[in-house]
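Note on naming: letters A, B, ... go to the chains in the order of the sequence lines (proteins, then strands), and numbering restarts at 1 for each one.
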Amino acid sequence: MSPPATRLRVKRYDPRDLLTEALVGILTRPLRAALTTLGTVLGITTLVITLGVAATAADQITTRFDAMTATTVSVSAPPPHPGSTDLPLLDWDGPDQVRPLAGVTAAAALAEAPVGHDLPVRASAVADPTLAGASIPVVAATAGLPAAVRGTVTAGRFFDAGMVARHDRVAVLGDQAAALLGIGDLSQAPAVFIAGQPFTVIGILGGISGEQFLAATVILPPTTAHDRFAFGTPGRVLITTALGAAGQVAAQAPTALAPGRSTELTVVAPPSLERARKGVAGDTNALFLVLGLVSLVVGAVGIANVTLVTVVERTGEIGLRRALGAARRHIAYQFLLESTGVGLVGGVIGASLGVIGVVSVSAAHRWTPVLDARLALAAPVAGALVGLAAGVYPALRAARREPVEALRSGL
Amino acid sequence: MSYGSPSIGPSSPPVIELRALCRQYPATPPVLALRDVDLTVRRGDHLAVVGPSGSGKSTLLAVLGLLDRPTSGSYALDGVETAGLGDGERTALRGQRIGFVFQAFHLLPHRSARENVELAEIHGGGAGRRGRSRRALAALEQVGLAHRSDFLPSRLSGGERQRVAVARALMGAPALLLCDEPTGNLDSANTEALLDLFDDLRDQGVTLLIITHDDAVSRRAMRRVRIADGVLTEERGAEVGA
């Protein structure tokens, strides 16, 4: 009659049942669950934003440093006053003057069309109505331009010093200008007509990474441009420097170009590394990290508090479960899982909001958002751990409730 | 759900066997809630324990339900001596052999009747998840509530709620149905219906022990035991003090 005592084992709490019971436990009080998650949401959001913005900004430093802007110096002269007899500040031999400076890797002088000169550019002498709207600026540049703008000659060649010296009627097209004019194949030595005058297209310059506007221009040798269209002295000298030399070159180039009048030149140099770092430091302030951790702790306390209240409220339920054969640990598991679930939900929401925050901050700064995927995955786990830790004490309290007293209160 | 073929009478095996059971609460002077209680409840018995409040009814229920330990004496439930059992074994024994019915029903408010009945199998009994809902429906059928299986407790009448609680207690075919003031929250009509249900269950061989202070309830029982100041007296028959 008497069954063997070995059968007297507490029934295993089927994990699926445990999960269901915990889920229902959370979902039957949705508003409370939502408010409980709030602390975790805030904490995780703050942490993700802080770490994400830090990563984004750190990457921003390297991007800036690597970028061509970090190695590009542009020196420009103000347009001369009409009637001024002063000598021009910049001249076509400017590149030769700055090239000896330490750190300079390439230099070119650039002049844009004189004001008031309308220079229509066409691919044929016949006016094509379909191209009426396309306006292609004409510029003059020295032979070192491709290196100075880090461009590559995708077809043909760039004009050389000899062509410049001979005043050859040749032109190089920016790749966008070539596409606009419908010129791709140079084997037939195509011509472009600038203000009706033909020029042989000898090359197409593509892949320009600085001075993007040059991609949509027709580039002429300065001598030719001077002869034909009264181009003046260059307005700008573009210099490419070695990595890290930009600051020094920016300080020296005006003196080399216009000794004695260097202050009249405008130098555009990349922002210095120190300044970039300082700008970043404001965002990655450790204070935010501390703030995030503090809100996480507050979130944990909130979960613990609410779970404790829930335990007291559900005294009757605990008693019932114990009467039905639930072991103390089953009660503990259930409350632990509920608080973990609440923390996990908070972590997921917090991680999502954090990612949105990082992207927003990046968008506002025109940065590329950089976020470690592991951070996005770890954030919900952190939330769950917060919930787990917060649930330990209430769960133990729940498990310790005596079923007799628990049953005295209703449900 | 099968309870075997009950052979009711002195020859059927005892479900509850109390011998010189005492429960003393530490206080100055110590409170003796149960004094030398001897009681034998056999399979298929329908026994009512009556007594005024403070007489020791609740203590008896707690001890019989393995929710509390006696200070001294022996208690064998369904042939298993409980005195030397650990907490886990007592919990397992409780889950497998005892079905509880409480005065306040103790139904989870956000669960349907069927889910409330299934709860008994989640924690106690030997069955797994397979067929659980079918067994729960069968238990509801047994108490005549199969048509209410998807109702929340809030949409059931008091009598229906208590019948859901009975169905839950019947899950896993326990050796003993332990009822604590089962009619305490019911009106007379519902009380009558519940007592009819108890009679049906008794006829099916379920062993019933009902703790009550309601004479109407105890009159329907086969045996009546009165408890006063922790002392048990059988009102008719000679089962007590065997």
Relative to chain A, which segment of B:R90 carries a heavy atom at a distance below 4.5 Å: side chain, backbone, both, or neither? neither
Any idea which of A:R12, A:R16, A:E402, A:R328 has the most non-hydrogen atom pairs under 4.5 angstrom with chain B? A:R16
Tell me, for A:D17 versus chain B, whether the close heavy atoms (under 4.5 Å) come from the side chain, the backbone, both or neither. both
Whether the side chain of B:T212 engages the backbone of B:V50 through a donor-acceptor N/O pair (distance < 3.5 Å, no angle test) should be reported. no
Give me the ring orientation class for B:F102 and B:F100: parallel if the planes are under 30° apart, tilted from 30 to 60°, perpendicular past 60°. parallel
Side chains of B:L170 and B:L201: does their closest heavy-atom pair fall under 4.5 Å? yes
Quick check on the interface: out of B:D68, B:L66, B:I122, B:L119, who has the most heavy-atom pairs with chain A under 4.5 Å? B:I122
Does this structure show an ion pair linking B:E121 with B:R132, if we count only N-O contacts that are shorter than 4.0 Å? yes
May I ask you to name which of B:G99, B:S58, B:A76 has the most heavy-atom pairs under 4.5 Å with chain A? B:S58
For chain A, find which of B:P153, B:A120, B:G65 contributes the most heavy-atom pairs closer than 4.5 angstrom. B:A120
Within a radius of less than 6.0 Å around NE2 of B:H110, do more than 12 heavy atoms belonging to other residues, nucleotides or ligands occur? yes
